[in-house]
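Heads up: the structure comes next, in structure tokens.
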Protein chains: 2
Amino acid sequence: MNKKKLTEVLCGAEQLCRKRGVRLTARRRTVFELLCASDKPLSAYKILDRMRVAARNPAPPTVYRALDFLLEQGLVHKLESLHAFVGCTHPEHPHSSQFLICGDCGEVSEMENEAILQSLQTAERATGFKTRHPVVELLGTCAQCAEKHQSG
Amino acid sequence: MNKKKLTEVLCGAEQLCRKRGVRLTARRRTVFELLCASDKPLSAYKILDRMRVAARNPAPPTVYRALDFLLEQGLVHKLESLHAFVGCTHPEHPHSSQFLICGDCGEVSEMENEAILQSLQTAERATGFKTRHPVVELLGTCAQCAEKHQSG
DNA sequence: GGAAAGGATGTTATGTTATAACATCATCAA
DNA sequence: TTGATGATGTTATAACATAACATCCTTTCC
Ligand SMILES: [Zn+2]
Ligand SMILES: [Zn+2]
Ligand SMILES: [Zn+2]
Ligand SMILES: [Zn+2]
């Protein structure tokens, strides 16, 4: 994400939190910014390392608390299969998304595919299950990396 | 799973491994049996505890190696969102399944829903992504628990 | 301003999940 | 029997996550 876009996203997060009456404190903002600035998902401990550069010796709970807040507000998502976190690309409204995770280059793209959500809902109705949080993560190879393999 | 069914499943796993020319050793068989006998998913360390009862002091790698083998053979599945494992209900053919995970009673049901797989494949084709392993886990409340809440 | 309340953060310790690295043992084929 | 391969044992440590309690900061109300 480039600097301009990053500023926009941060600004949007500020507004969103103000509107909701919750506090995007300095710590929380830092964690969010680090996640958005990274082109790859970051584990809690990676975030911790990057915070050490600026702040003085933060401990794991600092990061996990910030992440809890950001997850609640929908500003970040957790990738269960990677034990890592990514900034959300469109936090304005609550949503369920799906993730394409490339095992080669490590890039992750978030998508919000209606057909997938529909098929999940159909399955739920058939079984009487009430989903609170769907986890959909596709582990594989992205288009760019697949092409490299073919040519390489 | 009742005793008769368990015997069948174990027997089936034996046959499957023989057919594939891989070895379902005592350790691996024990881990598989513990998972199948449990009505809930088990973490690697829960499995370890239950093994301690019989064998003498196994260490984590013992369990993780057995799990790796069983995962490769499709005899068990990993639930990423729970850091836990379940025995597969139909390991005869390779498959991608989805899991309904009840946060109330802890029960997990495995399903193989064609419509969901189709929708995932459609999304892949649209993006050029090649999925090696889809993770679909729905976290929520099962029908029985939902009913209890309503009446309770 | 000062006191009280609630939320956020700091700090220490520990729990939980997973793997690295190397030694030993079992099995099988030549 | 000997060498190759795969499986297991063993020790140590890495990586991920939370409990518990102290302190501080902000807001509100007087
Ligand atoms: Zn999102
Ligand atoms: Zn890639
Ligand atoms: Zn299965
Ligand atoms: Zn339930």
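What you see is a predicted model; the values in this text were computed from it and never measured. Sequence lines set the chain letters: A, B, ... in the order given, protein chains first and strands last, and positions in each chain run from 1.
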Is any side-chain N or O of B:Y64 closer than 4.0 Å to OP1 or OP2 of C:dT19?
-> no

DNA chain C: 5'-proximal contact among A:R23 and B:D68 (nearest heavy atom) = A:R23

According to a strict under-4.0 Å criterion, is A:R27 in side-chain N/O contact with OP1 or OP2 of C:dG10?
-> yes

In whole angstrom, give the distance that lies between atom CZ of A:R29 and atom C1' of C:dT9.
-> 18 Å

Considering just the side-chain nitrogens and oxygens of A:S43, establish if one lies under 4.0 Å of OP1 or OP2 belonging to D:dC16.
-> yes

Please determine, for the side chain of A:T62, which listed nucleotide (D:dC16, C:dG10, C:dT17) has the closest atom?
-> C:dG10

Is any side-chain heavy atom of A:H77 less than 4.5 Å from a side-chain heavy atom of A:C88?
-> yes

Taking D:dT10, C:dA18, C:dT9 as options, the one with an atom nearest any side-chain atom of A:R65 is C:dT9

Within the modelled atom types, does a donor on one side and an acceptor on the other bring the side chain of B:Y45 and the base of C:dA18 under 3.5 Å apart?
-> yes

Round to the nearest Å and state the distance from B:I47 atom CD1 to C:dA18 atom P.
-> 10 Å

How long is the line joining CG of B:N57 and P of D:dA12, in whole Å?
-> 14 Å

So, B:D68 and B:R65, do they make that salt bridge, N to O below 4.0 Å?
-> no

Assign each of B:P61 and A:K46 to its nearest nucleotide of DNA chain D by heavy atoms, then name whichever residue's nucleotide is nearer the 5' end.
-> B:P61

Does A:K78 put a side-chain nitrogen or oxygen below 4.0 Å from OP1 or OP2 of D:dA17?
-> yes

Taking atom P of D:dA15 as reference, at what distance in whole Å does atom CD of B:E80 sit?
-> 18 Å

Atom CG of A:L48 to atom C1' of C:dT12: distance rounded to whole Å?
-> 15 Å

Reference residue B:E14; test salt bridge (charged side-chain N to carboxylate O under 4.0 Å, His left out); the match among B:R20, B:R23, B:R28, B:R29 = B:R29

When rounded to whole Å, the CD to C1' distance for the pair B:E72 and D:dG6 reads 13 Å

Could you say whether B:R28 or B:H83 is positioned toward the 5' end of DNA chain D, judged by the nucleotide with the nearest heavy atom to each?
-> B:R28

Determine yes or no for a side-chain-to-main-chain donor-acceptor pair under 3.5 angstrom, with A:K40 supplying the side chain and A:C105 the backbone.
-> yes

Within this structure, what is the CG-to-P distance between A:L42 and D:dA15, rounded to whole angstrom?
-> 15 Å

Options C:dT17, D:dA17, C:dA20, nucleotide nearest the side-chain atoms of A:P60 = D:dA17

Mind calculating the distance between CG (A:L24) and P (D:dT26) to the nearest angstrom?
-> 15 Å

Is A:D49 salt-bridged to A:K46, cutoff N-O under 4.0 Å?
-> no

